[in-house]
S.K.: 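Have a look at this one.
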There are 2 protein chains.
Amino acid sequence: MSLNDIIGDGSTGQGQQIRTEPMQQRSAARLSALLDAAAAVVDEVGFDRITTAMVAERAGASIGTVYRYYPDRVAVLHALRERAVLRFRQRFVEEMNLTRPETWWDAVDCAVTAFVGLYRSEAGFRILHFADRERTPEADGDAESGFFARRLADILAEEFGLPAGPDLNFRLEMTIEMADALLSRAFASDPQGDERIIAECRRIMHDYLVGFYGPSVGSNAPVLSQRS
Amino acid sequence: MSLNDIIGDGSTGQGQQIRTEPMQQRSAARLSALLDAAAAVVDEVGFDRITTAMVAERAGASIGTVYRYYPDRVAVLHALRERAVLRFRQRFVEEMNLTRPETWWDAVDCAVTAFVGLYRSEAGFRILHFADRERTPEADGDAESGFFARRLADILAEEFGLPAGPDLNFRLEMTIEMADALLSRAFASDPQGDERIIAECRRIMHDYLVGFYGPSVGSNAPVLSQRS
DNA sequence: GCTTACCGAACGGAACTCGATCATGGACGT
DNA sequence: ACGTCCATGATCGAGTTCCGTTCGGTAAGC
C-alpha cells in the first residue's frame with residue numbers, strides 16, 4: 001500500500017459510462033477536450049441547462065462525436081465528475097508529498113487544502129460533489145466517499161499509527177461527508193470560498209477526530225480511542 | 001416571536017414559481033395531487049429523468065394542467081422542495097410541542113427527529129436537500145438553511161438563554177449543513193436510515209455546539225461561549 | 001353566463017442515431 | 001529504411017424521435 005494507490009484506476013465504480021475506449025491518440029485528446037468543454041459550459045449555464053450541442057460546439061466537435069464516447073447527456077456529467085474526483089486524489093498526493101505531514105491531522109488537512117485548491121482552480125468543480133446525490137439505485141451507497149475514506153484510513157494507520165479497522169473507516173467517511181457539505185457551502189456563498197466557513201470546517205473535522213484519536217503528535221505512539 | 005413563526009409563509013424566497021393561484025377547491029386538490037405525483041415519480045425514476053408527462057399521467061391530469069400551475073419542469077421540482085421544507089418546519093413544531101424540550105440540545109434534537117421522520121414517511125423527500133445545490137446565481141447563498149438557522153437561533157436564545165447574535169446563527173447554519181449531509185448519507189445507504197450514521201450525526205452536532213454553549217442543562221443560566 | 005379549470009393536438013427544440021466520409025498507423029512489398 | 005495501401009478508428013451532420021411547452025377549444029364551478 002503506497003501513497004499513490006489512493007489515485008486508483010480512475011473508476012469510482014458507478015458502472016460503465018464510456019462507449020468506446022479511445023484507440024488513437026487524437027481521440028484521447030478529443031475526450032478530454034469534451035470534458036473541458038463540459039466543465040466550462042457547466043460553469044456558465046449550470047448543471048441542468050447544459051445541452052449536448054453546447055458541449056460539442058465548445059469542444060470544436062460535432063454532436064455525433066459526443067455520442068461516440070458517451071451514451072447520453074448525464075454520462076458526460078458523470079465522466080466530468082469522475083475526472084474531478086481523480087484530480088482531487090492526485091492533488092491530495094501532491095499536497096502530501098509537498099508538505100510531508102508529521103501528524104495525522106496534517107495529513108487530513110492536506111485533503112482539505114487539495115479540495116479547496118481544486119474548487120478555486122478547476123472549472124466545473126463546484127457542481128461535483130463526491131457524494132453523488134443522484135446515486136443510481138443499485139449503487140450501494142459506497143461510491144466515492146467510501147473509497148477515499150478507506151484509502152485515507154490506510155494512510156493514517158500506516159503512517160501515523162492510528163488504529164486501523166472499520167471504526168476508523170466509518171469516522172473518516174463521516175468526516176469526509178461533513179467536509180464536502182461545508183466546503184461546498186463555503187463556495188456557494190463566495191466563489192473564492194468563504195474563509196470563515198473553511199476554517200470552521202477544519203476545526204469541526206479536527207475536533208471530531210481528536211475526540212477519538214487524541215491530539216496530533218509527531219512520531220509518538222497513538223493515543224487509543226477514548227470514547228465509545 | 002412565537003414558535004409557530006418558524007413555519008413562515010411557505011416561501012423560501014426563490015422567486016415566484018406558481019402561475020395561477022387556485023380559486024376553486026378542486027384546483028387546490030389538483031395542485032397537491034400534482035406534487036404527490038411528482039414526489040412518487042422522483043422516487044421512482046430519479047431527479048433528472050422526471051418528465052412532465054409522467055407527472056401529469058400519475059396525477060390523472062393532462063399535460064396542460066401541469067402547465068396551468070407551473071411555468072416549467074424545474075418549477076415543479078422547486079415547488080415539491082418548498083412543500084417538503086414547509087412540512088419539515090411543521091413537523092419540527094409538532095415535535096417541539098410533543099416533547100417539550102427542557103434543554104437547548106433537546107430542542108435541536110427535535111429538528112433531527114423531525115427530519116428523520118419525514119425522510120422515512122414522505123415520498124420524494126430524499127431528493128430535496130435544504131441546501132439547494134442548484135442555487136440560482138443571484139440567490140446569495142441564503143436559501144433555506146439560513147432561514148431555518150435564524151429561526152432556530154431565535155428559539156434557542158429566547159427559550160434556553162443561548163447568547164443571540166451572528167455567531168449563534170453561523171454555528172447553527174454549520175450544524176444544519178452538516179446534519180443535512182450526514183442524514184442524507186444515512187438514507188442513501190439504507191431506505192430506513194442507517195441508525196449508526198443518524199446516531200453519529202446527533203453526536204457530532206451535540207459535541208460541536210456543546211463546545212460553544214456548554215452542556216445542556218435544564219433551567220440554569222446558560223454557560224457563555226468558552227472558545228474563540 | 002361568466003369565470004375558472006381542464007384537455008390534448010400541435011409546435012419547437014434538444015437528445016440521440018446512423019450511414020457516409022475522413023484520418024491513422026501498422027502491414028507489406030521493394 | 002522507405003513508401004503505399006487499406007482495415008479500422010474517428011468524425012461528421014442531416015434526420016428521427018422524444019419531450020417540454022403553447023394555445024385554442026371544451027367542460028365544470030359559482
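Keep in mind it's a predicted model, so treat the numbers as computed, not measured. Naming: A, B, ... by sequence-line order, numbering from 1 per chain.
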S.K.: Within 45° of the ring axis of A/Y69 and under 6.0 Å from its six-membered ring centre, is that where the NZ or CZ of A/R30 lies?
M.R.: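 No.
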S.K.: Looking at C/dA14, I'd like to know if its phosphate oxygens (OP1 or OP2) sit under 4.0 Å from a side-chain N or O belonging to A/T52.
M.R.: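 Checking C/dA14 against A/T52, no side-chain N or O comes under 4.0 Å of OP1 or OP2.
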S.K.: List the atom pairs, with distances to 0.1 Å, where a side-chain N or O of residues 108-128 of chain B and a protein N or O form a donor-acceptor pair under 3.5 Å, not counting sequence neighbours.
M.R.:
residue, atom, partner, partner atom, Å
B/D109, OD1, B/R202, NE, 2.5
B/T113, OG1, B/D109, O, 3.1
B/T113, OG1, B/R202, NH2, 2.9
B/Y119, OH, B/R126, O, 3.2
B/Y119, OH, B/S184, OG, 3.1
B/R120, NE, B/Q192, O, 2.6
B/R120, NH2, B/Q192, O, 2.9
B/R120, NH2, B/E195, OE2, 3.0
B/S121, OG, B/G117, O, 3.2
B/E122, OE1, B/R87, NH1, 3.1
B/E122, OE2, B/R87, NH1, 2.8
B/R126, NH2, B/F187, O, 3.1

S.K.: Taking CZ in A/R49 as the centre, count heavy atoms belonging to other residues, nucleotides or ligands within less than 6.0 Å. Is the count above 12?
M.R.: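 Counting other residues, nucleotides and ligands, CZ of A/R49 stays at 12 neighbours or fewer.
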S.K.: Just N and O in the side chain of A/R19: are any of them under 4.0 Å from OP1 or OP2 of C/dT17?
M.R.: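 For A/R19, the contact criterion (side-chain N or O under 4.0 Å from OP1 or OP2 of C/dT17) is met.
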S.K.: Report yes if a side-chain nitrogen or oxygen of A/S62 is closer than 4.0 Å to either non-bridging phosphate oxygen (OP1 or OP2) of D/dT11; otherwise report no.
M.R.: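 Checking A/S62 against D/dT11: no side-chain N or O falls below 4.0 Å of OP1 or OP2.
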S.K.: Counting any heavy atom closer than 4.0 Å, what does A/Y69 reach on the DNA or RNA strands: base, sugar-phosphate only, or nothing?
M.R.: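 Sugar-phosphate contact only.
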S.K.: Taking side-chain contact (heavy atoms from CB on, under 4.5 Å) as the test, write out the residues that go with B/V66, two or more places apart.
M.R.: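 For B/V66, the residues satisfying side-chain contact (heavy atoms from CB on, under 4.5 Å) (neighbours in sequence not counted) are B/L34, B/A56, B/V76.
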S.K.: For B/I50, report the nucleic acid contact type (base, sugar-phosphate, nothing); a contact means any heavy atom under 4.0 Å.
M.R.: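 Sugar-phosphate: the residue B/I50, judged by heavy atoms under 4.0 Å, touches backbone atoms but no base.
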S.K.: One character per nucleotide, please: for nucleotides 23-30 of chain D, 5' to 3', B when the base has a protein heavy atom closer than 4.0 Å, S when only the sugar-phosphate does, - otherwise.
M.R.: -----SSS
S.K.: With sequence neighbours left out, write down each residue that passes salt bridge (Lys or Arg N to Asp or Glu O under 4.0 Å) with A/D43, or none if nothing qualifies.
M.R.: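 Once residues adjacent in sequence are excluded, A/D43 has no partner under the salt bridge (Lys or Arg N to Asp or Glu O under 4.0 Å) criterion.
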S.K.: So, is A/T51 close to the C/dA14 phosphate, meaning a side-chain N or O under 4.0 Å from OP1 or OP2?
M.R.: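 No.
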S.K.: Side-chain N or O of B/R68 versus OP1/OP2 of C/dA5: is the shortest distance under 4.0 Å?
M.R.: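 For C/dA5, OP1/OP2 do have a side-chain N/O of B/R68 under 4.0 Å.
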S.K.: Roughly how many Å is it from CD1 in B/I63 to C1' in C/dC7, rounded to a whole number?
M.R.: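 Atom CD1 in B/I63 sits about 11 Å away from atom C1' in C/dC7.
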S.K.: When all nucleic acid strands are considered with a 4.0 Å heavy-atom cut-off, which category describes A/R73: base, sugar-phosphate, or nothing?
M.R.: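 The answer is sugar-phosphate, as A/R73 gets under 4.0 Å only of primed atoms, P, OP1 or OP2.
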S.K.: Tell me every residue that passes salt bridge (Lys or Arg N to Asp or Glu O under 4.0 Å) with B/R83, counting only those two or more places apart in sequence or in another chain.
M.R.: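 B/R83 satisfies salt bridge (Lys or Arg N to Asp or Glu O under 4.0 Å) with B/D36 only.
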S.K.: Could you tell me the separation between the CZ atom of A/R49 and the P atom of D/dG20, rounded to a whole number of Å?
M.R.: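 The distance from CZ of A/R49 to P of D/dG20 comes to 13 Å, rounded to the nearest Å.
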S.K.: Identify all side-chain donor-acceptor contacts of residues 92-100 of chain B below 3.5 Å with residues at least two apart in sequence or on another chain.
M.R.:
residue, atom, partner, partner atom, Å
B/N97, ND2, B/V93, O, 3.4
B/T99, OG1, B/E95, O, 2.9

S.K.: B/D72 CG to D/dG20 C1': how many Å, rounded?
M.R.: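 Atom CG in B/D72 sits about 9 Å away from atom C1' in D/dG20.
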S.K.: Can you find a side chain N or O atom of A/R30 that sits less than 4.0 Å from OP1 or OP2 on D/dT11?
M.R.: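 Answer yes for this pair, as a side-chain N or O of A/R30 is under 4.0 Å from OP1 or OP2.
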S.K.: Could you state the atom-to-atom distance from CG of A/L34 to P of D/dA10 in whole Å?
M.R.: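 In whole Å, D/dA10 P lies 13 Å from A/L34 CG.
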